[in-house]
Student: 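Quick one: structure below, then a few questions.
What you see below is based on every heavy atom in this structure, not just the backbone, and it leaves out hydrogens, waters and symmetry mates.
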Amino acid sequence: MKDNLIKKIYEQGYPNAQTAPLVSLEEFFKGNEDEGSIGCNLMDHPGIDTFYSVLLEIKSKPSVQDVLVEIMEVEDEEYWPFSERIYILSSANPEEIEEWVKILEPDEIEEGYMFGPPLLLQSCILIIKCLEFGGIDK
């Protein structure tokens with residue numbers, strides 16, 4: 001699991017890409033027992049299982065398209081890749097999202113991508129634009 005995760009991170013241009021890699025919740029959390037991989041600044045860490053279950057619950061909400069984990073650092077083989085940011089792709093308002101994640105004690109909740117649209121999504125955006133503007137003559 002960890003090997004597949006690291007492979008996906010490097011396939012997105014890590015560490016040289018302008019944007020940080022994004023991975024699914026399942027890719028980040030399955031097999032992860034390293035509390036230092038997310039929420040490491042919390043005095044009372046709720047545990048990896050709590051992070052995973054809360055984020056899976058959010059992902060299942062009707063107003064949520066997906067929940068993705070941004071990878072900030074891959075250290076040596078001893079540690080799981082490190083994340084300090086989660087993206088919730090949703091039509092919900094920030095106050096509602098803040099309530100959903102309250103137990104995880106985020107530092108802040110903002111809209112948009114910290115470093116611009118990730119490579120993973122840029123190709124999707126191009127496909128969407130082609131479908132939206134390409135049209136088929138009737």
Side-chain angles (χ1 to χ4, degrees):
M1 289 179 269
K2 183 177 175 185
D3 290 340
N4 290 337
L5 170 62
I6 291 173
K7 180 180 178 204
K8 182 160 186 180
I9 292 167
Y10 280 96
E11 285 173 351
Q12 293 179 58
Y14 179 85
N16 301 318
Q18 289 182 321
T19 60
L22 293 180
V23 298
S24 71
L25 291 178
E26 295 77 10
E27 290 166 327
F28 185 75
F29 286 103
K30 294 260 175 151
N32 184 355
E33 297 176 356
D34 182 0
E35 288 189 355
S37 67
I38 190 166
C40 61
N41 62 327
L42 299 175
M43 296 299 285
D44 189 19
H45 197 287
I48 293 294
D49 290 340
T50 299
F51 266 91
Y52 190 29
S53 64
V54 167
L55 294 171
L56 278 175
E57 182 180 332
I58 291 169
K59 184 178 177 179
S60 72
K61 294 183 179 295
S63 63
V64 175
Q65 180 181 349
D66 206 351
V67 178
L68 301 168
V69 179
E70 182 181 80
I71 303 298
M72 292 306 296
E73 186 175 8
V74 177
E75 293 187 27
D76 57 40
E77 292 181 22
E78 182 180 344
Y79 300 102
W80 203 264
F82 172 71
S83 175
E84 62 182 29
R85 190 168 290 108
I86 300 291
Y87 289 105
I88 299 172
L89 308 181
S90 176
S91 59
N93 65 51
E95 293 79 22
E96 192 174 2
I97 293 172
E98 189 173 338
E99 188 62 32
W100 297 344
V101 298
K102 183 171 45 175
I103 191 172
L104 303 178
E105 300 180 50
D107 291 335
E108 55 192 314
I109 296 174
E110 299 176 333
E111 291 188 41
Y113 294 100
M114 186 66 155
F115 305 108
L119 292 175
L120 179 68
L121 296 180
Q122 288 175 9
S123 60
C124 294
I125 291 168
L126 291 175
I127 291 169
I128 291 168
K129 286 183 180 176
C130 291
L131 292 173
E132 184 177 335
F133 298 112
I136 298 175
D137 292 333
K138 294 183 180 180

Student: With a cut-off of 6.0 Å (strictly less than), are more than 12 heavy atoms of other residues, nucleotides or ligands near CD of Glu11?
Tutor: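 Counting other residues, nucleotides and ligands, CD of Glu11 exceeds 12 neighbours.
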Student: Does some side-chain heavy atom of Glu70 sit less than 4.5 Å from a side-chain heavy atom of Tyr87?
Tutor: yes
Student: With a 4.0 Å cut-off, would you call Glu99 and Lys102 a salt bridge?
Tutor: yes
Student: Is any side-chain heavy atom of Asn41 closer than 4.5 Å to a side-chain heavy atom of Asp107?
Tutor: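 SC-SC contact between Asn41 and Asp107 confirmed.
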Student: Could you check whether any side-chain N or O of Ser90 sits under 3.5 Å from a backbone N or O of Ser63, counting only pairs where one atom can act as donor and the other as acceptor?
Tutor: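 Yes: the side chain of Ser90 pairs with the backbone of Ser63.
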Student: For Glu98 and Ile109, indicate whether the former's side chain and the latter's backbone hold a donor-acceptor pair under 3.5 Å.
Tutor: no
Student: In terms of hydrophobic clusters joined by side-chain contacts under 4.5 Å, are Phe28 and Met1 together?
Tutor: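 Not linked; separate clusters.
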Student: Using side chain to side chain contact (heavy atoms under 4.5 Å, CB included), reason through Thr19 and Tyr113 one step at a time and then give a plain yes or no.
Tutor: CA-CA 9 Å; Thr19 60; Tyr113 294 100; over 6 Å; no
Student: Below 4.0 angstrom, N of the basic side chain to O of the carboxylate: do Glu26 and Lys59 qualify?
Tutor: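 A salt bridge links Glu26 with Lys59.
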Student: Tell me, please, which residues at least two apart from Glu77 pass salt bridge (Lys or Arg N to Asp or Glu O under 4.0 Å).
Tutor: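 By the salt bridge (Lys or Arg N to Asp or Glu O under 4.0 Å) rule, Glu77 matches no residue at all.
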Student: Which class fits the ring pair Phe29 and Phe51: parallel under 30°, tilted 30 to 60°, perpendicular over 60°?
Tutor: parallel
Student: Any heavy-atom pair between the side chains of Tyr14 and Glu73 that's under 4.5 Å?
Tutor: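 Yes; the side chains approach each other to less than 4.5 Å.
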Student: Find out if a path of hydrophobic residues (ILVMFWY) with successive side-chain heavy-atom gaps under 4.5 Å connects Ile38 to Leu56.
Tutor: yes
Student: Count the heavy atoms of every other residue, nucleotide or ligand shown that sit under 6.0 Å from CG of Asp66, and state whether that count exceeds 12.
Tutor: yes
Student: Answer yes or no: are there more than 12 heavy-atom neighbours, outside Asp44 itself, under 6.0 Å from its atom CG?
Tutor: no
Student: Do Val69 and Ile103 share a hydrophobic cluster (ILVMFWY, side-chain heavy atoms under 4.5 Å, transitive)?
Tutor: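 Yes; tracing contacts between hydrophobic side chains, which count when under 4.5 Å, links both residues.
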Student: Is there a chain of hydrophobic side chains (I, L, V, M, F, W, Y, each step under 4.5 Å between heavy atoms) that links Tyr79 to Ile71?
Tutor: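 No: no chain of side-chain contacts under 4.5 Å links Tyr79 to Ile71.
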